[in-house]
Amino acid sequence: MIDLKQLRENPDRFRAGCRDKGMDVDVDRLLALDERRRSIMTKLEDARAEQNRLGKEVGPQLGKLKGQLKSATGDAKAALEREIASLESKPVALKAAVQQYEQEVASFEPEWKALWIQVPQPPASDVPKGSSSDDNVEIRRWNPPKSEWMDAFDTSKSFETNRGFKPKSHTELVRDLRLVDFERGVKMSGTRHYVLTGMGMRLHQAVLRYALDFMVERRGFTPMGVPVIVREECMVGTGFFPAGREQAYHIEESKRGAGADLFLTGTGEVGLMGIHADEILTLEQLPLKYTTCSTCFRREAGAAGKDTAGLYRIHQFDKVEQVVVCRADDAESRAWHGSMLQSVELILQSLGIPYRLLQCCTGDLGVKNEDMIDVESWMPGRGEIGKDGAPTGAYGETHSASRLGDYQCRRLNLRYRDENGKPVFAYALNNTVIASPRVLIPILEMHQQKDGSVVIPPPLRPYMGGATKIG
RNA sequence: GGACAGGUGUCCGAGCGGUUGAAGGAGCAGCACUGGAAAUGCUGUAUACGGCCAAAAGUCGUAUCGAGGGUUCGAAUCCCUCCCUGUCCGCCA
């Protein structure tokens, strides 16, 4: 969430942030409620201060009198009772005032809080303005050169021009090579479910394990295994709720008598960032560099009819995720952003997948990020159908790298103590390392051979018993 | 899932319904002592929000003893609900 002090001091920045992100949050209403709340709180606190002062004064006297009352009789007893009654009546008026203020605040506090957590993190100043993903700006692209195991590939030319034969789509490849069984996945769990079979499962696991090991061994990240079933606080704290509530599977344990419902996480980011919620870290602990491999669950509400075929948009998948929690420093955050993206690029290059980086425009950012770069991988089986009847190929999003400023850590109450010993909300970043089975689409489609087999990229071979191709 | 026992500051650990942000210890920091250290002594050692202040420092107020609600003039202390931890039993990858 945002800092209310900053909102008061510079509301225009947040109004502009809402506008640029295309989000409709009533900032002025929030400001008015905040003002009202603070003014009542001041009165409430004054009343309570007086109440406390009286309590300290009256308390010991009452204690003494009540002690005396036990042994008193007759007139002395009646006099004591009168004195006690008069002492006790003193703070009663204050109590009524306190209760009235409390009720007043309670009457609009939920609205105040709801508005507060909805205000999005304003985009960084250098993020291009735009209204949708169409306005994203390409930063650079990479095409594989000729190497020991694959020929060069140029995405500006058709697959057939590059390779000399028409490509199959990944749905055809997984069918012909028996890597995925969609029918039975749907039988068990409904639309957008699948069964990975045989070498399909092995390839899936190989990609994940390669990516995790890469992050740990080459990039110095700490591997973690985190819960994928979490409480609502985790979802709110990481910024996925309330905005993304419809995207998460909801386990209604409260309906069975438990105290709290649970939610399935859509990314390992939730578990990784939740680890240090409500903590104050030391400067030496930073930066935190965590990576995890976790199963991700997404309802894909609102995506009905989109990408219905194949492995692109599914309800359950596995993802290696990376997060960095660093000190509250813009330059440091930007440096980590670059470093995290470099990890992704190195992995994609080693797998021989053409890709491009897109600077997301303001309108494509979520509530919590101030800057986001998407990585899109080349998928020869995607895109329009060309004159020759084969798809022309297209880039499809496989990764996303966000800078969140202190927005997420403020929500999570995750701080560190700076050089002066002051607690400061840390900055957070997150980035996909690899998400599978989606990444199997470019791997299979890019490395398919004329005979219908698929060459396994060398880094994955050790994870597949040394196999060099499928089929 | 059942039966008990618990949850207090960085940690351990007291706490009678009334001057308790909270005894006592440990740790940590500063100072003193020392040639230097140990030992010892003294001092300090939470967070959030709000007020005062140009700001910082500081200071004042409020809240926080697992969370939320209640009783009361007043709750760490009493009551209710939930969460968590431990032990035993049951079940089980």
Side-chain angles (χ1 to χ4, degrees), chain A residues 1-9 30-31 33-70 80-107 109-110 112-113 116-117 225 227-237 251-263 274-285 295 406 409-426:
Chain A
M1 68 188 100
I2 57 143
D3 185 349
L4 281 179
K5 272 187 209 157
Q6 286 178 23
L7 178 73
R8 271 177 233 135
E9 284 162 15
L30 174 59
L31 281 166
L33 287 178
D34 183 56
E35 177 59 43
R36 193 170 151 207
R37 182 173 176 279
R38 278 184 304 134
S39 95
I40 298 170
M41 288 301 280
T42 306
K43 290 188 228 165
L44 171 66
E45 285 175 4
D46 286 347
R48 260 213 270 262
E50 180 63 10
Q51 203 179 19
N52 287 344
R53 198 188 61 75
L54 269 176
K56 280 179 187 173
E57 192 178 289
V58 161
Q61 292 177 38
L62 275 174
K64 207 190 293 171
L65 290 174
K66 282 187 176 169
Q68 290 172 8
L69 192 61
K70 279 178 194 157
L80 278 171
E81 278 169 348
R82 274 199 303 281
E83 201 174 338
I84 288 170
S86 107
L87 274 176
E88 281 184 350
S89 68
K90 270 190 171 178
V92 170
L94 281 169
K95 193 194 180 187
V98 165
Q99 280 177 338
Q100 196 210 315
Y101 290 136
E102 278 175 343
Q103 277 168 22
E104 209 174 329
V105 171
S107 72
E109 203 163 32
W112 168 77
K113 196 151 198 188
W116 184 13
I117 64 169
V228 294
I229 310 171
V230 301
R231 292 166 183 261
E232 186 162 8
E233 298 92 279
C234 279
M235 298 301 278
V236 174
I251 306 172
E252 296 187 288
E253 281 295 286
S254 62
K255 287 198 171 163
R256 311 168 81 185
D261 284 354
L262 296 163
F263 297 86
I275 292 173
H276 295 287
D278 293 318
E279 292 185 21
I280 302 180
L281 305 172
T282 63
L283 213 42
E284 298 76 59
Q285 285 175 274
T295 303
D406 66 0
C409 290
R410 177 173 277 110
R411 279 193 173 217
L412 286 164
N413 194 26
L414 197 174
R415 293 168 291 173
Y416 68 94
R417 227 174 265 287
D418 70 9
E419 295 83 350
N420 304 315
K422 288 266 179 296
V424 181
F425 290 109

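Small disclaimer: the values here were computed from a predicted structure and weren't measured.
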A.B. asks: Roughly how far apart, to the nearest Å, are B:G9 and B:G68 at atom P?
C.D. replies: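 The answer is 15 Å between these two P atoms.
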A.B. asks: Distances for protein N/O vs nucleotides 63-71 of chain B N/O pairs under 3.5 angstrom?
C.D. replies:
from	atom 1	to	atom 2	distance (Å)
B:A63	OP2	A:Asn52	ND2	3.4

A.B. asks: Do the side chain of A:Gln99 and the main chain of A:Ala96 share a donor and acceptor less than 3.5 angstrom apart?
C.D. replies: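 Side chain of A:Gln99 to backbone of A:Ala96, a donor-acceptor pair under 3.5 Å: no, none is there.
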A.B. asks: Rounding to the closest angstrom, what is the interatomic distance between B:C42 and B:C33 at atom P?
C.D. replies: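 About 16 Å, rounded to a whole number of Å.
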A.B. asks: Return the pairing partner of B:A39 with a 3.5 Å limit on both distances, Watson-Crick or G-U wobble; otherwise return none.
C.D. replies: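 When the pairing criteria are applied, nothing turns out to pair with B:A39, so the answer is none.
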A.B. asks: Quick one: CZ on A:Arg38 to CG on A:Leu33, what's the gap to the nearest 0.5 Å?
C.D. replies: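 The CZ atom of A:Arg38 sits 12.0 Å away from the CG atom of A:Leu33.
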A.B. asks: What interatomic distance, in whole Å, is found between C1' of B:A22 and the corresponding atom of B:G13?
C.D. replies: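 Comparing C1' positions in B:G13 and B:A22 gives a spacing of 13 Å.
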A.B. asks: Using side-chain heavy atoms (C-beta onward) and a distance below 4.5 Å, is A:Ile2 in contact with A:Trp116?
C.D. replies: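 They are in side-chain contact.
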A.B. asks: If we call it a pair only when both distances are under 3.5 Å in a Watson-Crick or G-U wobble match, what pairs with B:C82?
C.D. replies: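 Pairing partner, where one exists within any strand: B:G66.
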A.B. asks: Please give, in whole Å, the distance from B:U72 P to A:Gln51 CD?
C.D. replies: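 Atom CD in A:Gln51 sits about 13 Å away from atom P in B:U72.
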A.B. asks: Sticking with atom P, work out how far B:U47 lies from B:U10, rounded to a whole angstrom.
C.D. replies: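 Result for the P pair: 9 Å, nearest Å.
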A.B. asks: From CD of A:Glu232 over to P of B:C83, roughly how many Å is that when rounded to an integer?
C.D. replies: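 From A:Glu232 CD to B:C83 P: 15 Å.
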A.B. asks: Which one is paired to B:G17, where only Watson-Crick or G-U wobble pairs with both distances under 3.5 angstrom count?
C.D. replies: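 Base partner found: none.
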A.B. asks: Please determine, for B:G61, whether a Watson-Crick or G-U wobble partner exists with both distances under 3.5 Å, and give it or none.
C.D. replies: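 Pairing partner: B:C49.
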A.B. asks: Could you tell me the separation between the CD atom of A:Glu50 and the C1' atom of B:G74, rounded to a whole number of Å?
C.D. replies: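 Checked: the CD to C1' distance equals 14 Å.
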A.B. asks: Please give, in whole Å, the distance from B:U47 C1' to A:Leu412 CG?
C.D. replies: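 Going from A:Leu412 (CG) to B:U47 (C1'), I get 17 Å.
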A.B. asks: For B:G1, what is the paired nucleotide under Watson-Crick or G-U wobble rules, both distances under 3.5 Å?
C.D. replies: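 By the stated definition (distances under 3.5 Å), B:C89 pairs with B:G1.
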A.B. asks: Could you give me the CA-CA distance, side-chain angles and deciding distance for A:Arg48 and A:Glu45, then say whether salt bridge (charged side-chain N to carboxylate O under 4.0 Å, His left out) is met?
C.D. replies: CA-CA 5 Å; A:Arg48 260 213 270 262; A:Glu45 285 175 4; over 6 Å; no
A.B. asks: Ignoring backbone atoms, test whether A:Arg37 places a side-chain nitrogen or oxygen under 4.0 Å from the OP1 or OP2 oxygen of B:C49.
C.D. replies: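 For A:Arg37, the contact criterion (side-chain N or O under 4.0 Å from OP1 or OP2 of B:C49) is not met.
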A.B. asks: Measure CH2/A:Trp116 against P/B:A48 and give the value in whole Å, please.
C.D. replies: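 Going from A:Trp116 (CH2) to B:A48 (P), I get 13 Å.
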A.B. asks: Please check if the side chain of A:Arg411 supplies one atom and the backbone of A:Ile117 the other of a donor-acceptor pair under 3.5 Å.
C.D. replies: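 Looks like yes, one N/O pair under 3.5 Å.
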A.B. asks: Suppose we define a pair by two distances each less than 3.5 Å, Watson-Crick or G-U wobble; what does B:A75 pair with here?
C.D. replies: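 WC or wobble partner does not exist here.
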A.B. asks: Are the side chain of A:Asp261 and the backbone of A:Glu253 linked by a donor-acceptor contact shorter than 3.5 Å?
C.D. replies: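 Yes, the answer is positive, given that a donor and an acceptor are paired below the 3.5 Å cut-off.
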A.B. asks: Between B:U47, B:C73, B:G51, spot the one nearest the side chain of A:Pro423, thanks.
C.D. replies: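 Nearest to the side chain of A:Pro423 among the choices is B:U47.
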A.B. asks: Looking at every strand, decide which applies to A:Lys43 at a 4.0 Å heavy-atom threshold: base, sugar-phosphate, or nothing.
C.D. replies: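 A:Lys43: no heavy atom of the nucleic acid under 4.0 Å.
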A.B. asks: Distance check, rounded to the nearest 0.5 Å: A:Glu35 atom CD versus A:Ser39 atom OG?
C.D. replies: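 So the CD of A:Glu35 and the OG of A:Ser39 are separated by 6.5 Å.
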A.B. asks: In whole Å, what is the span from the CZ atom of A:Arg415 to the C1' atom of B:U10?
C.D. replies: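 My rounded result for the distance is 14 Å.
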A.B. asks: Nearest whole angstrom, please: distance from the P of B:C49 to the CE of A:Met41.
C.D. replies: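 Spelled out: CE on A:Met41 to P on B:C49 is 12 Å.
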A.B. asks: In whole angstrom, what separates A:Leu44's CG from B:G50's C1'?
C.D. replies: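 These atoms are roughly 11 Å apart.
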A.B. asks: Start at the 5' end of RNA chain B and walk down; is the nucleotide closest to A:Arg231 or to A:Arg417 reached first?
C.D. replies: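 Going by which nucleotide is closer to the 5' end, it is A:Arg417.
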A.B. asks: Hunt down the Watson-Crick or G-U wobble partner of B:A22, both distances under 3.5 Å, from any strand shown, or write none.
C.D. replies: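 Result: none.
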A.B. asks: Please compare A:Gly421 and A:Ala49 by the position of their nearest nucleotide in RNA chain B and report the one closer to 5'.
C.D. replies: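 This one resolves to A:Gly421.
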A.B. asks: Taking the same atom, P, in B:C16 and in B:C78, what whole-Å distance lies between them?
C.D. replies: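 It works out to 9 Å between them.
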A.B. asks: For nucleotides B:G1 and B:C92, find the distance between their P atoms and express it as a whole number of Å.
C.D. replies: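 It works out to 16 Å between them.
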A.B. asks: If you measure from the P atom in B:G74 to the same atom in B:U64, how many Å do you get, rounded?
C.D. replies: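 To the nearest whole Å, 13 Å.
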A.B. asks: Side chains of A:Tyr416 and A:Ile280, heavy atoms from C-beta outward: is any pair under 4.5 Å?
C.D. replies: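 Counting from C-beta outward, A:Tyr416 and A:Ile280 never come under 4.5 Å.
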A.B. asks: Could you go through the salt bridge (charged side-chain N to carboxylate O under 4.0 Å, His left out) check for A:Arg36 and A:Glu109 one step at a time?
C.D. replies: CA-CA 10 Å; A:Arg36 193 170 151 207; A:Glu109 203 163 32; over 6 Å; no
A.B. asks: Flag the pair A:Asp278 / A:Leu412 as yes when at least one side-chain heavy-atom distance between them is below 4.5 Å, and no otherwise.
C.D. replies: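 Sidechains of A:Leu412 and A:Asp278: no contact.
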A.B. asks: Output yes when at least one side-chain N/O atom of A:Arg53 is less than 4.0 Å from OP1 or OP2 of B:G61, else no.
C.D. replies: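 It does not, given that no N or O in the side chain of A:Arg53 lies less than 4.0 Å from OP1 or OP2 of B:G61.
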A.B. asks: Indicate, with a heavy-atom threshold strictly under 4.0 Å, whether A:Arg8 touches base, sugar-phosphate, or nothing.
C.D. replies: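 Contact class for A:Arg8: sugar-phosphate only.
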A.B. asks: In the structure shown, which nucleotide is the Watson-Crick or G-U wobble counterpart of B:C28, with both distances under 3.5 Å?
C.D. replies: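 Its partner is B:G44 (Watson-Crick or G-U wobble, both distances under 3.5 Å).
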A.B. asks: Heavy atoms from C-beta onward define the side chain here; which of B:A48, B:G74, B:U62 lies closest to that of A:Glu45?
C.D. replies: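 Within the option list, the nearest is B:U62.
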A.B. asks: On a whole-Å scale, what distance lies between the C1' atoms belonging to B:G66 and B:C83?
C.D. replies: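 About 7 Å, rounded to a whole number of Å.
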